[in-house]
Undergrad: 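Handing you a structure now.
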2 protein chains.
Amino acid sequence: MVAARAGVSTATVSLVTNGKTAGRVSAENIAKVQEAVAELGYVVDGLGSSLAKGRSNIVILVAPDVSNPFFANVIAGVREAIGEAYQLLLSVTDAGLTPSPADVRNLLSLRPAGLLVDAPSAQFLAELPSAGPMVLMDAAGVASDAPSVNFDVAQGAGMLADHLASLGHRTVAYIDSVTGTETFRVRREAFYRGARVHGISVAADVATTIDMGASALAFAQAWPGWAAQGVTAVVCCTDTHAYGVLQEARVARLGVPQQLAVTGFDDLPFSQTSNPGLTTVHLPANELGRAAGQQLLRLLAGETIPVPGLMLESTLVVRGSTVTAS
Amino acid sequence: MVAARAGVSTATVSLVTNGKTAGRVSAENIAKVQEAVAELGYVVDGLGSSLAKGRSNIVILVAPDVSNPFFANVIAGVREAIGEAYQLLLSVTDAGLTPSPADVRNLLSLRPAGLLVDAPSAQFLAELPSAGPMVLMDAAGVASDAPSVNFDVAQGAGMLADHLASLGHRTVAYIDSVTGTETFRVRREAFYRGARVHGISVAADVATTIDMGASALAFAQAWPGWAAQGVTAVVCCTDTHAYGVLQEARVARLGVPQQLAVTGFDDLPFSQTSNPGLTTVHLPANELGRAAGQQLLRLLAGETIPVPGLMLESTLVVRGSTVTAS
DNA sequence: CTGAAAGCGCTTACAG
DNA sequence: CTGAAAGCGCTTACAG
């Protein structure tokens with residue numbers, strides 16, 4: 001340890017750099033060490049430190065799909081919350097798949113300070129080796145005793161059903177995601193429930209990956225059948241799916257919203273500028289990341305979380321894809 | 001080391017788990033160790049391993065702005081390339097700012113196997129402590145002898161100028177980014193060059209953060225002046241900026257493209273469904289990540305990179321924001 | 001208040 | 001082919 005050249009022992013240096021000087025190091029030595037650290041540009045080696053402490057200062061964020069733009073805001077929120085003290089490690093897999101238990105084992109061998117798990121499937125959680133501090137994000141409907149931050153998607157889905165009913169829609173189709181993620185199950189079930197209340201029938205139900213192209217294709221194939229059944233609105237489980245439908249509707253010269261109403265979930269920034277603007281259930285991505293990061297920080301500080309299941313409000317944003325612009 | 005219970009020494013186990021058995025461990029012992037590893041579910045501790053080896057298996061991706069959806073595709077590309085062998089650590093700062101030297105020091109203390117630096121400023125690179133294997137991404141115009149993967153933005157910017165000239169535009173405005181990132185300088189200069197060739201004058205030049213709202217506001221304030229100068233097209237340095245202009249144009253009841261043409265750079269997925277579709281310079285984000293990841297992998301394998309400055313083609317995608325849809 | 005020593009879990013010359 | 005030993009850079013009881 002180079003900074004021992006300040007004329008003190010490595011132990012003293014370690015105490016100072018860790019801020020554990022309270023009544024253990026003389027003011028004089030603290031100053032000496034700080035000076036030496038500054039001069040040498042010394043920075044504590046993360047590896048050695050972590051090994052000695054038994055855990056690293058890395059927070060791992062496990063997520064099914066970073067390439068979803070929605071997720072970028074979640075990441076930003078997490079970063080805001082955890083700040084400088086921890087490094088954010090992103091564990092991502094392709095196309096909405098959850099990491100395998102083997103992946104997680106490898107991750108865990110880095111001895112993360114904590115885990116943030118976004119949109120986990122029930123199976124993933126069941127297979128997860130008990131892993132120290134952990135906060136779940138967007139895990140509505142998943143049984144777990146880990147603290148979690150969720151969207152109240154049911155609320156938004158209900159408002160969406162109300163909205164469509166008030167516009168007179170009687171028969172709609174639903175485009176779901178193929179991932180086994182619980183949040184999509186909750187979105188679907190909550191919407192079905194709301195639809196039933198209003199006597200709206202859901203004629204059909206297809207699922208694709210979270211990808212505009214896949215969704216557009218699925219819609220193109222299904223539309224003739226749906227039209228025959230009298231479908232007047234397509235409810236998509238994400239905005240990305242909805243963009244695909246909008247695109248295909250334009251190709252097919254279908255008037256939106258006159259001939260077909262389209263809705264999404266997420267409220268990505270682009271839903272404001274899409275053609276037409278997309279009516280969607282707004283989910284506060286940034287707040288999700290921020291709240292989960294804060295929860296984890298508390299957990300790491302040894303606090304117990306007062307409200308284990310934090311709920312973030314969802315709201316319906318009405319735009320041109322369901323109502324004609326004024 | 002628990003698996004030593006296979007009846008051999010820790011050294012032998014280490015040899016086996018690292019695949020360095022060639023002519024050094026008997027087949028019998030290899031089998032014994034593998035069996036024990038499987039039974040105990042043992043996985044090499046990343047911390048201890050890294051400390052002994054002197055470097056970790058973490059690849060750090062330093063980027064100015066993850067919340068740019070463009071970047072999600074870059075990340076996906078990097079992941080595809082580096083695969084299972086390395087963990088991807090994301091170092092991000094807010095709103096297009098580059099990490100400080102102190103941030104980087106902290107990162108480096110994790111002893112990353114390699115560094116991937118996206119869209120660095122010249123200053124950032126100058127301050128970067130010499131840091132082992134490193135690949136630059138989207139660093140056009142930055143002097144460095146590190147291998148790099150860049151977009152040929154000049155090509156696309158030239159095509160954009162050609163396109164606007166062919167449509168008869170004589171006076172345009174340019175919306176730039178406030179970040180000191182070199183790529184934006186290159187985009188701007190290449191477009192200015194192309195404009196000059198065609199006798200197009202760039203009447204004005206404003207800069208905002210990469211944010212729809214900021215861009216919309218800047219446009220709203222500047223438009224009266226620009227209109228007075230005869231501006232008929234706004235060229236934006238990112239699609240995100242362009243979305244802001246599109247939104248504000250709609251608010252102001254400006255017909256796009258009749259009264260005002262709008263263009264971007266990036267070709268985000270949403271540029272297909274925006275209102276109208278956005279004419280933009282397509283930059284292959286996924287390929288950027290993939291190519292950079294592959295370069296780094298070679299570097300880590302001790303190979304020398306044959307082509308230090310890999311160039312990825314950019315192309316112009318023409319949509320409804322510059323030409324009336326057929 | 002301070003320093004010598006043990007130990008975190010692994011890897012790698014080294015001697016056999 | 002194999003194992004005992006040193007060492008990676010730090011932290012933390014422990015004895016003074």
Undergrad: Between B:L110 and B:L89, is there a side-chain heavy-atom distance shorter than 4.5 Å?
TA: yes

Undergrad: Inspect the contact between B:K32 and B:E35 and indicate whether a charged nitrogen and a carboxylate oxygen are less than 4.0 angstrom apart.
TA: no

Undergrad: Out of C:dT2, C:dG3, D:dG3, which has the shortest distance to the side chain of A:N29?
TA: C:dT2

Undergrad: Scan every strand shown for a Watson-Crick or G-U wobble partner of C:dA4, both distances under 3.5 Å, and answer none if you come up empty.
TA: none

Undergrad: Rounded off to whole Å, could you give me the CG-to-P distance for the A:N57 and D:dC10 pair?
TA: 14 Å

Undergrad: Return the nearest nucleotide to the side chain of A:Y42; candidates are D:dG7, D:dT2, D:dC10.
TA: D:dC10

Undergrad: Consider the side chain of B:S14, meaning its heavy atoms from C-beta on, and name the nucleotide among C:dT11, C:dG9, C:dA4 that approaches it most closely.
TA: C:dT11

Undergrad: If you pin B:G48 and B:T21 to their nearest nucleotides in DNA chain D, which one's is more 5'?
TA: B:T21

Undergrad: How about B:L125 and B:L136: do any of their side-chain heavy atoms sit closer than 4.5 Å?
TA: yes

Undergrad: Would you mind telling me which of D:dT12, C:dG7, C:dT12 lies closest to the side-chain atoms of A:L15?
TA: D:dT12

Undergrad: Is the closest side-chain heavy-atom distance between A:L268 and A:T240 below 4.5 Å?
TA: yes

Undergrad: With a 3.5 angstrom cut-off on both distances, give the Watson-Crick or G-U wobble partner of C:dA13, or none if there isn't one.
TA: none

Undergrad: Does the side chain of B:S49 get closer than 4.0 angstrom to OP1 or OP2 of C:dC10 through an N or O atom?
TA: no

Undergrad: Once you round it to whole Å, what is the distance between C1' of D:dC8 and CG of B:N18?
TA: 15 Å

Undergrad: Once you round it to whole Å, what is the distance between C1' of D:dA13 and NZ of A:K20?
TA: 11 Å

Undergrad: How long is the line joining CD1 of A:I30 and C1' of C:dT2, in whole Å?
TA: 13 Å

Undergrad: Nearest whole Å is fine: how far is D:dT12 C1' from A:R24 CZ?
TA: 8 Å

Undergrad: Just how far, in rounded Å, is C1' of D:dG7 from CG of A:D45?
TA: 14 Å

Undergrad: Crowded around A:Q123 CD? As in, over 12 foreign heavy atoms under 6.0 Å?
TA: no

Undergrad: Would you mind telling me which residue lines up with the more 5' stretch of DNA chain D, A:L47 or B:V25, judged by nearest nucleotide?
TA: B:V25

Undergrad: Can you tell me how far C1' of D:dT12 sits from CZ of A:R55, to the nearest Å?
TA: 15 Å

Undergrad: What's the closest nucleotide to the A:T12 side chain, out of C:dT2, D:dG9, C:dC10?
TA: C:dT2

Undergrad: With a 3.5 Å cut-off and no angle check, do the side chains of A:D138 and A:T183 form a donor-acceptor pair?
TA: yes

Undergrad: Scan A:R111 against the nucleic acid and name what it touches under 4.0 Å (heavy atoms): base, sugar-phosphate only, or nothing.
TA: sugar-phosphate

Undergrad: Which whole-number value in Å describes the distance from A:L110 CG to C:dG9 P?
TA: 15 Å

Undergrad: Please pick, from D:dG3, C:dG3, C:dC10, the nucleotide with the shortest atom-to-atom distance to any side-chain atom of B:A52.
TA: C:dC10

Undergrad: Name the closest nucleotide to the A:S26 side chain, picking from D:dG9, C:dC1, D:dT12.
TA: C:dC1

Undergrad: For a quick check of understanding: with a heavy-atom distance under 4.0 Å over all strands, which category does A:L51 fall into, base, sugar-phosphate or nothing?
TA: base

